[in-house]
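Note sheet for the following structure.
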Amino acid sequence: QVQLQESGPGLVKPSQTLSLTCAVSGGSITGNLYYWSWIRQPPGKGLEWMGTVTYSGSTYYSPPLKSRTSISRDASKNQFTLQLRSVTPEDTAVYYCAGSAGLRTVIRTMDEYDYRGQGTQVTVSS
């Protein structure tokens with residue numbers, strides 16, 4: 001059974017870089033033609049797809065976030081990471097990592113992903 005677990009700081013100061021890691025167990029991030037994504041949900045708002053790294057290392061980013069976002073993978077550690085630069089309080093959200101058999105950019109619930117982490121709260125505040 002594939003399991004995902006997010007990790008990273010829960011508090012980030014404005015203008016700094018938010019860095020999160022998603023550790024994947026029970027399956028390889030380079031196999032099965034899977035896509036690995038980061039999604040977030042600000043308080044009181046819906047889910048927002050941020051970006052995806054594929055089994056082959058290709059990346060896709062949400063246009064509004066593209067200039068501030070980097071997603072990479074480490075096949076040797078079977079994990080993928082999110083970096084969001086120049087954060088502001090508007091970046092406060094629960095951040096999720098997830099896996100799917102295809103690219104998912106418009107989502108209503110996390111159930112639309114085949115695999116998903118439990119989510120981690122990140123607050124941007126000085």
Exercise for review: Please examine the side chains of L82 and T69, heavy atoms only from C-beta on, and report whether any two atoms are closer than 4.5 Å.
Suggested key: yes
Exercise for review: Answer with yes or no whether the side chains of S72 and T81 bring together a donor and an acceptor at under 3.5 Å.
Suggested key: yes
Review point. Among the clusters formed by ILVMFWY side chains lying less than 4.5 Å apart, do Y35 and I107 turn up in the same one?
Key: yes
Check your understanding: Rounded to the nearest 0.5 Å, how far does CZ of R73 lie from OG1 of T54?
Key -> 6.5 Å
Review point. Under a 4.5 Å cut-off applied to non-hydrogen side-chain atoms, are S15 and S86 in contact?
Key: no
Check your understanding: Would a hydrophobic clustering, with Ile, Leu, Val, Met, Phe, Trp and Tyr connected at side-chain separations under 4.5 Å, put I29 with W38?
Key -> yes
Practice item. Check whether any side-chain N or O of D74 sits under 3.5 Å from a backbone N or O of Q79 as a donor-acceptor pair, and report yes or no. Key: no
Review point. Do any N or O atoms from the side chain of Y61 and from the backbone of I71 form a donor-acceptor pair under 3.5 angstrom?
Key: yes
Check your understanding: How far apart are the closest heavy atoms of P14 and S125, and which atoms are they?
Key -> CD-C, 3.5 Å
Practice item. Treat each ILVMFWY residue as a node, draw an edge where side-chain heavy atoms are under 4.5 Å apart, and state whether L65 and V106 are in one component. Key: no
Which pairs of donor and acceptor atoms, one on a side chain in residues 40-50, lie under 3.5 Å apart (sequence neighbours left out)?
unit_1, atom_1, unit_2, atom_2, d
R40, NE, E48, OE1, 2.7
R40, NH1, D91, OD1, 2.8
R40, NH1, Y95, OH, 3.1
R40, NH2, E48, OE1, 3.2
Q41, NE2, K45, O, 2.9
W49, NE1, G51, O, 3.4
W49, NE1, T52, OG1, 2.8

Review point. With under 30° as parallel and over 60° as perpendicular, where do the rings of W36 and Y115 fit, or are they tilted in between?
Key: parallel
**Study point:** Side-chain H-bond candidate by donor/acceptor type, T30 with S28, under 3.5 Å
**Key:** yes
Practice item. Report the C-alpha distance between L18 and Q16 in whole Å, list the side-chain angles of each, state the deciding distance to 0.1 Å, and finish with yes or no for side chain to side chain contact (heavy atoms under 4.5 Å, CB included). Key: CA-CA 7 Å; L18 181 164; Q16 292 188 340; over 6 Å; no
Check your understanding: Stepwise, does the side chain to side chain contact (heavy atoms under 4.5 Å, CB included) test hold for Y113 with Y96?
Key -> CA-CA 11 Å; Y113 288 98; Y96 299 91; over 6 Å; no
Check your understanding: Are T120 and V94 close enough that some pair of their side-chain heavy atoms sits under 4.5 Å apart?
Key -> no
Exercise for review: May I ask whether L103 and V53 are part of the same hydrophobic cluster, defined by side-chain heavy atoms of I, L, V, M, F, W, Y residues being less than 4.5 angstrom apart, directly or through others?
Suggested key: no
I'd like a table of donor-acceptor pairs (distance under 3.5 Å, sequence neighbours excluded) in which one partner is a side-chain atom from residues 1-9, with atom names and distances.
unit_1, atom_1, unit_2, atom_2, d
E6, OE1, Q118, N, 3.4
E6, OE1, G119, N, 3.1
E6, OE2, C97, N, 3.1
E6, OE2, G119, N, 3.1

Practice item. For R68 and R85, indicate whether the former's side chain and the latter's backbone hold a donor-acceptor pair under 3.5 Å. Key: yes
Exercise for review: Please report the C-alpha distance between T92 and Q121 in whole Å, then the side-chain angles of each, then the deciding distance to 0.1 Å, and finally whether the side chain to side chain contact (heavy atoms under 4.5 Å, CB included) criterion is met.
Suggested key: CA-CA 8 Å; T92 293; Q121 173 70 45; 3.7 Å; yes
Check your understanding: Same hydrophobic cluster for V87 and I39, using side-chain heavy-atom links shorter than 4.5 Å among ILVMFWY?
Key -> no
